[in-house]
Undergrad: 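Sharing a structure, written as structure tokens. Questions coming.
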Amino acid sequence: MPELPEVEVVRRGLERWVSGRTIDAVEVHHPRSIRRHTAGAADFAARLKGLRIGAARRRGKYLWLPVTGGGPASQTAAEGISPMVTPSVTHGLAILAHLGMSGQLLVQPEGAPDEKHLRIRVRFDDALGTELRFVDQRTFGGLSLHDTVPGAADHLPDVIAHIARDPLDPAFDDAAFHDALRRRRTTIKRALLDQTLISGVGNIYADEALWRSRLHYERPTATFTRPRTAELLGHVRDVMNAALAVGGTSFDSLYVNVNGESGYFERSLDAYGREDEPCRRCGTPIRRRPWMNRSSYFCPRCQRPPRG
DNA sequence: CCCATGACCTGTTTGC
DNA sequence: TGCAAACAGGTCATGG
């Protein structure tokens with residue numbers, strides 16, 4: 001289940017093995033994997049041909065690859081709706097990627113056998129002998145091509161402008177996050193998973209950060225003090241950096257880096273997936289509770305539920 | 001606007 | 001043994 005650390009590992013792999021290369025051809029094997037590209041598979045493939053890939057970027061769980069070399073080509077322009085409205089000089093293009101639940105971006109030797117769930121193949125116009133593959137069992141993830149926000153130095157795709165900065169972004173505003181928490185009438189885990197408040201946190205790292213902070217997942221955000229928010233953010237950053245240092249968390253073969261290798265953070269998890277195992281602080285068995293069609297893992301002693 | 005919930009998707013595990 | 005239900009859960013549309 002790729003969250004920020006896993007996506008960052010993939011970004012680094014793309015940076016090393018894909019950035020700077022020019023696309024020769026794209027094959028779309030499953031339409032659902034390009035569903036966010038509303039102009040369809042043929043348009044996606046045709047417009048990528050000949051483009052050069054720039055530096056790989058990430059915000060939260062989203063990845064993107066700025067591309068250059070094509071003509072003016074927003075989706076609306078390509079559809080012929082209003083080709084004169086958007087001057088091509090004010091914006092760029094980027095390939096947006098989201099791994100969803102089970103998506104993988106793999107750099108494979110050309111001619112390696114196709115994976116069972118190969119959805120998209122990108123061939124390059126060079127002699128390096130490798131290609132980029134998007135493999136995705138559950139098809140929650142996908143690729144698409146978008147205009148970038150005019151003037152944005154990071155070439156942010158316009159369709160993810162609503163996604164908040166992530167806690168490892170130097171420009172993340174801790175004070176603004178605290179103020180937003182105080183305004184919300186919701187509970188802390190919901191807020192941590194809300195990608196418009198803070199991005200990159202999913203079910204695993206939310207439970208880990210809450211365990212480290214000794215906070216129950218249903219604590220109302222309106223009860224948070226500035227120091228409590230600061231401590232929580234510190235634990236979010238610590239656990240993500242620790243995971244990043246060992247290549248992320250791999251529960252099964254569904255999360256791997258671009259070279260197909262797993263991460264090793266699973267063995268360091270304190271709460272997630274540890275139902276009935278002793279809390280590493282106090283020895284009380286960790287509990288699992290159904291929560292929002294998924295699970296929350298917590299220590300019933302260290303993380304007391306809020307009153308009421 | 002704010003917040004909560006269901007739909008989407010497939011392979012594996014669990015239970016009767 | 002076989003089948004069904006539960007489970008994994010990120011994002012977005014929708015409805016209160």
Side-chain angles (χ1 to χ4, degrees), chain A residues 1-8 10-11 28-38 58-64 96-105 115-120 134-144 146 157-164 166-167 179-210 217-223 236 240 243 248-256 262-263 265-266 269 271-276 287-298:
Chain A
M1 296 124 243
E3 301 180 30
L4 188 155
E6 294 75 38
V7 178
E8 174 61 16
V10 172
R11 189 201 66 78
V28 177
H29 292 230
H30 195 305
R32 189 171 154 79
S33 297
I34 50 100
R35 68 192 179 285
R36 199 161 186 171
H37 189 87
T38 54
R58 182 189 55 75
R59 175 179 286 196
K61 303 169 198 169
Y62 281 96
L63 278 171
W64 66 97
L96 179 65
H98 198 290
L99 302 179
M101 279 290 295
S102 54
Q104 305 174 343
L105 283 165
E115 293 76 7
K116 181 177 181 185
H117 301 292
L118 174 65
R119 308 303 190 190
I120 299 169
F134 181 69
V135 176
D136 191 8
Q137 176 194 106
R138 293 175 219 178
T139 67
F140 275 28
L143 305 184
S144 47
H146 301 280
D158 54 11
V159 295
I160 59 163
H162 65 290
I163 298 294
D166 63 63
D179 293 344
L181 273 191
R182 293 300 304 255
R183 282 194 300 270
R184 285 297 183 100
R185 290 297 175 267
T186 187
T187 48
I188 188 58
K189 188 170 172 183
R190 286 190 134 92
L192 285 175
L193 296 183
D194 184 341
Q195 306 296 301
T196 67
L197 285 180
I198 180 172
S199 68
V201 183
N203 204 40
I204 295 173
Y205 295 105
D207 280 1
E208 292 302 301
L210 290 170
Y217 57 96
E218 286 186 317
R219 172 164 289 281
T221 54
T223 69
V236 170
M240 285 184 165
T249 301
S250 303
F251 272 101
D252 45 36
S253 57
L254 289 186
Y255 164 68
V256 292
S262 294
F265 196 67
E266 187 202 346
L269 295 175
Y272 187 87
R274 298 193 66 241
E275 184 177 20
D276 296 334
R287 286 195 186 148
R288 180 178 72 88
R289 287 276 181 278
W291 183 84
M292 279 181 67
N293 292 322
R294 60 199 71 184
S295 295
S296 276
Y297 295 88
F298 67 107

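Each chain gets a letter, A, B and so on, in the order the sequences are listed, and its residues count up from 1.
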Undergrad: Nearest whole Å is fine: how far is C:dG10 P from A:L197 CG?
TA: 16 Å
Undergrad: If the condition is side-chain contact (heavy atoms from CB on, under 4.5 Å), which residues does A:R190 pass it with, not counting sequence neighbours?
TA: A:T186, A:T187, A:W291, A:M292
Undergrad: What is the distance, rounded to the nearest whole Å, between atom CD of A:E3 and atom C1' of C:dT11?
TA: 14 Å
Undergrad: Take atom CE of A:M101 and atom P of C:dC7, then tell me their distance rounded to the nearest Å.
TA: 14 Å
Undergrad: Select from A:L193 and A:P290 the residue whose nearest nucleotide in DNA chain C is closer to the 5' end of that strand.
TA: A:P290
Undergrad: At under 4.0 Å, does any side-chain N or O of A:H98 touch on OP1 or OP2 of C:dG10?
TA: no
Undergrad: Taking CG from A:D194 and C1' from B:dC1, how many angstroms apart are they, rounded to a whole number?
TA: 14 Å
Undergrad: C:dT11, OP1 or OP2 - any side-chain N/O from A:H162 closer than 4.0 Å?
TA: no
Undergrad: If you round to the nearest 0.5 Å, how far is OH of A:Y217 from CG of A:N203?
TA: 11.0 Å
Undergrad: According to ring-ring contact (aromatic ring centres under 6.0 Å, His included), who are the partners of A:Y297, at least two apart in sequence or on a separate chain?
TA: A:Y272
Undergrad: From A:H98 NE2 over to A:F134 CZ, what is the distance, rounded to the nearest 0.5 angstrom?
TA: 10.0 Å
Undergrad: Could you work out, with salt bridge (charged side-chain N to carboxylate O under 4.0 Å, His left out) as the rule, every residue matching A:D136, not counting sequence neighbours?
TA: none
Undergrad: Tell me: CZ of A:R289 to P of C:dC7, nearest whole Å?
TA: 13 Å
Undergrad: According to side-chain contact (heavy atoms from CB on, under 4.5 Å), who are the partners of A:R183, at least two apart in sequence or on a separate chain?
TA: A:D179, A:A180
Undergrad: Under 4.0 Å, heavy atoms only, any strand: does A:S102 hit a base, just the sugar-phosphate, or nothing?
TA: nothing
Undergrad: To the nearest Å, give me how far apart CG (A:N203) and C1' (C:dT11) are.
TA: 14 Å
Undergrad: Looking at C:dA8, I'd like to know if its phosphate oxygens (OP1 or OP2) sit under 4.0 Å from a side-chain N or O belonging to A:Y297.
TA: yes
Undergrad: Reading nucleotides 3-16 of chain B from the 5' end, what letters show protein touch, with B for base, S for backbone sugar-phosphate only, - for no heavy atom under 4.0 Å?
TA: SSS--BBBS-----
Undergrad: Counting C-beta onward and ignoring hydrogens, is there a side-chain heavy-atom pair between A:D166 and A:R58 closer than 4.5 Å?
TA: yes
Undergrad: By side-chain contact (heavy atoms from CB on, under 4.5 Å), which residues pair with A:E6, not counting sequence neighbours?
TA: A:P2, A:E3, A:Y205, A:T249, A:Y255
Undergrad: Assign A:Y62 to base, sugar-phosphate, or nothing according to its heavy-atom contacts below 4.0 angstrom with the strands shown.
TA: sugar-phosphate
Undergrad: So which nucleotide from C:dG10, C:dA8, C:dT11 ends up closest to the side chain of A:R36?
TA: C:dT11
Undergrad: In this structure, how many angstroms lie between the P atom of C:dT11 and the CG atom of A:D136, rounded?
TA: 13 Å
Undergrad: Sequence neighbours left out, what passes salt bridge (charged side-chain N to carboxylate O under 4.0 Å, His left out) with A:D194? Give chain and number order.
TA: A:R184
Undergrad: Among all residues two or more places apart in sequence or in another chain, which pass the salt bridge (charged side-chain N to carboxylate O under 4.0 Å, His left out) test with A:K189?
TA: A:D207
Undergrad: Taking only residues two or more places apart in sequence, or in another chain, which ones meet A:R274 in a salt bridge (charged side-chain N to carboxylate O under 4.0 Å, His left out)?
TA: A:E277
Undergrad: Please enumerate all protein N or O atoms sitting under 3.5 Å from an N or O of nucleotides 14-16 of chain C, with distances to 0.1 Å.
TA:
none

Undergrad: Answer yes or no: does a side-chain N or O of A:Q195 lie under 4.0 Å from OP1 or OP2 of C:dG10?
TA: no
Undergrad: Tell me the bend of the helix from B:dC2-C:dG16 to B:dC16-C:dG2 as the angle between end helix axes, each from five pairs, rounded to the nearest 10 degrees.
TA: 60°
Undergrad: ring-ring contact (aromatic ring centres under 6.0 Å, His included) with A:H117: which residues, sequence neighbours excluded?
TA: none
Undergrad: A:I160 CD1 to C:dC12 C1': how many Å, rounded?
TA: 15 Å
